[in-house]
Amino acid sequence: MILYRKYRPQKFSDVVGQEHVVRTLQGALQTGKISHAYLFTGPRGTGKTTMARILAKAVNCANPKNSDACAVCDFCTEVETGRAMDLIEIDAASNRGIDEIRTLREGTRFSSMNTGKYKVYVIDECHQLTKEASNALLKTLEEPPAKTLFVLATTEAHKVLPTIISRVQRFDFKKLAVEQIMVKLASISETEKIKIEKDLLRLIALQAEGSLRDAESNFSKLIAFQGKNINEEAVKEVLGIIPFNFFRDWFGFVHQKKQAEATVLVNHIYQSGLDLDNFAKGLLDYARRILVARASPVVAASFQGDIGAEHAQAIVDLAKDLDSKRLSQVIGILMRAREEMKSSPIPQLPLELAIAELTT
Ligand SMILES: [Zn+2]
C-alpha cells in the first residue's frame, strides 16, 4: 500500500503545514489575481508538486468552494487519475532537453483555444533544465500566453536562472514539524485501523526530518512488514530507528562515569542490527539539545513538540548536571569517534574508546 499516494491532499484544506502558501494562493484565487508563474521551492517531501496539482485543480475546477478545488468534478478527478489534458507535468530531471520546452512553447500557443480553461505546466526539479531549455522557458515567461500557468518546483532555487526567478512569484516551502507529521500519521492509522503507540509515531516523524513523504513511505513499509499491530521492535527492525531512551541512557551512564554500562549499551545496539553511525549521529543531536537547553529554557520547552514531554524533561535535567565545558568535550569526542567509525575495522571500537575517554 502506498500511503503517500492514497493520502495525498486533494485540495487546499487537506494540506498539512505550508499555511502561508495556501493562504496566499487562495487569496489570489479569490481576487482573480493569479500570477502566470510560480516557483515552489523547499526541501524534498514537503508537498511542492502536490500543491502545484491542487492549484491546477483550483483554477480549473467546475465547482470551486471558497477558492478551493472540489475534488469531485471532471477536471479535479482527471488531475487525480493523470488524465487531465490541461495539466502538463514535466520532470526536468529526466527530460532535460530543449525539445520538451520547445513543445511546451508550441503547446502554449494553443492554450486559449481550449474551453476557457487554464493550461497548467508543472516543471519539477526545474533547476535541472539545460541552459538551452532554461532560456526557452525564460522567453516563454517574458511573453506569457493568456490563460497559461507555470509552476516551477525545485529543491535548489539557487541553481535556477536569476532572470527566471525575477519573473515568477516565489514560495518557500518549509520542513514539516514533528507534530504536523504526527497528526497526519495518526489520522492515517485511524482510517487504516492500525494499532501503534503515539511515541512510535513520534519516532517515525522525527526520523523523517521534516519530509512528510518520507514519513508516509516509512509508515507504509512498516505496515507491509508488520500488518496492523506495530510495536517498538518492528520500528527498530524495519526502519532501523533508534528509540530515544537509548540516547538518554547513554548520556546518563557517561555522566555517572559508568563505563561498563555505556559500553554494553553500544554493543547491544550493534548486535540488534541498528546502525552505529546513526546512533552516533543521534547522540550528537541529543548533546546539541542539552547544549541548547542550557542556553535557552524557552527553546528547550519547544523540544516537547519534537520528542515528547518525557524526553524533553530528561534533557532539561541533564542540562542542569552537565556544564558547557563538559558538553563541548563530549561533542568533540563524539565527532571524532564518528569520523573514525568510517575506517575502523571493528565498528563499535571508536565509540568504546570515546566512552573510555569520557568516563575515566
Ligand atoms: Zn473540481
Side-chain angles (χ1 to χ4, degrees), residues 1-42 45-91 103-104 107-124 126 140-141 144-153 168-171 173-174 176 180 183-184 187-188 190-192 212-213 216:
M1 175 176 34
I2 313 280
L3 296 177
Y4 178 66
R5 295 232 179 86
K6 187 170 174 192
Y7 290 95
R8 192 191 329 239
Q10 305 275 318
K11 43 190 200 280
F12 288 127
S13 52
D14 297 339
V15 174
V16 177
Q18 321 303 352
E19 292 86 357
H20 61 300
V21 183
V22 169
R23 217 180 307 123
T24 315
L25 288 177
Q26 279 191 285
L29 284 159
Q30 255 148 34
T31 53
K33 284 182 182 146
I34 276 290
S35 170
H36 68 271
Y38 291 96
L39 177 72
F40 291 174
T41 177
T46 51
K48 298 182 293 294
T49 52
T50 297
M51 192 79 81
R53 285 179 179 199
I54 295 175
L55 176 61
K57 281 192 231 172
V59 292
N60 285 334
C61 178
N63 293 304
K65 291 183 193 90
N66 301 322
S67 305
D68 201 351
C70 73
V72 290
C73 73
D74 284 350
F75 187 81
C76 286
T77 47
E78 279 170 18
V79 168
E80 265 328 295
T81 51
R83 289 179 294 119
M85 298 289 286
D86 290 314
L87 171 65
I88 296 105
E89 295 182 86
I90 298 168
D91 179 8
T103 320
L104 181 156
T108 55
R109 249 181 252 148
F110 304 104
S111 59
S112 51
M113 283 170 62
N114 273 300
T115 49
K117 284 200 174 78
Y118 273 91
K119 216 165 181 73
V120 183
Y121 292 88
V122 177
I123 307 179
D124 199 12
C126 69
T140 313
L141 294 178
K147 285 263 171 189
T148 305
L149 175 61
F150 289 92
V151 183
L152 315 179
V168 300
Q169 188 177 352
R170 170 176 173 155
F171 286 109
F173 283 56
K174 295 175 193 154
L176 280 99
Q180 290 172 320
V183 167
K184 181 80 188 274
S187 94
I188 294 175
E190 206 180 309
T191 316
E192 300 288 331
L212 183 58
R213 186 170 57 213
E216 285 171 337

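First listed ligand is number 1; within each ligand, the first listed atom is number 1. All values below were derived from every heavy atom in this structure, side-chain atoms included, with hydrogens, water molecules and symmetry-related copies excluded. None of these values were measured; they are calculated from a predicted model.
Using cut-offs of 30° and 60° on the angle between ring planes, the pair F171 and Y38 is parallel.
Evaluation of the side-chain hydrogen bond (donor to acceptor under 3.5 Å, both in side chains) test over residues 53-64, restricted to residues two or more places apart or in two chains, returns R53-E89, K57-E80.
Residues that satisfy the side-chain hydrogen bond (donor to acceptor under 3.5 Å, both in side chains) test with Q18, not counting sequence neighbours, are absent from this structure. Taking S187 as the reference, nothing meets the side-chain contact (heavy atoms from CB on, under 4.5 Å) condition, with sequence neighbours excluded.
None of V22, D68, N66 except one satisfies the side chain to side chain contact (heavy atoms under 4.5 Å, CB included) rule with S13; the exception is D68.
Across every non-hydrogen atom of C61 and P64, the tightest pair is O-CD, 3.4 Å.
Counting only protein N, O or S atoms, 4 lie closer than 2.8 Å to the Zn ion (ligand 1).
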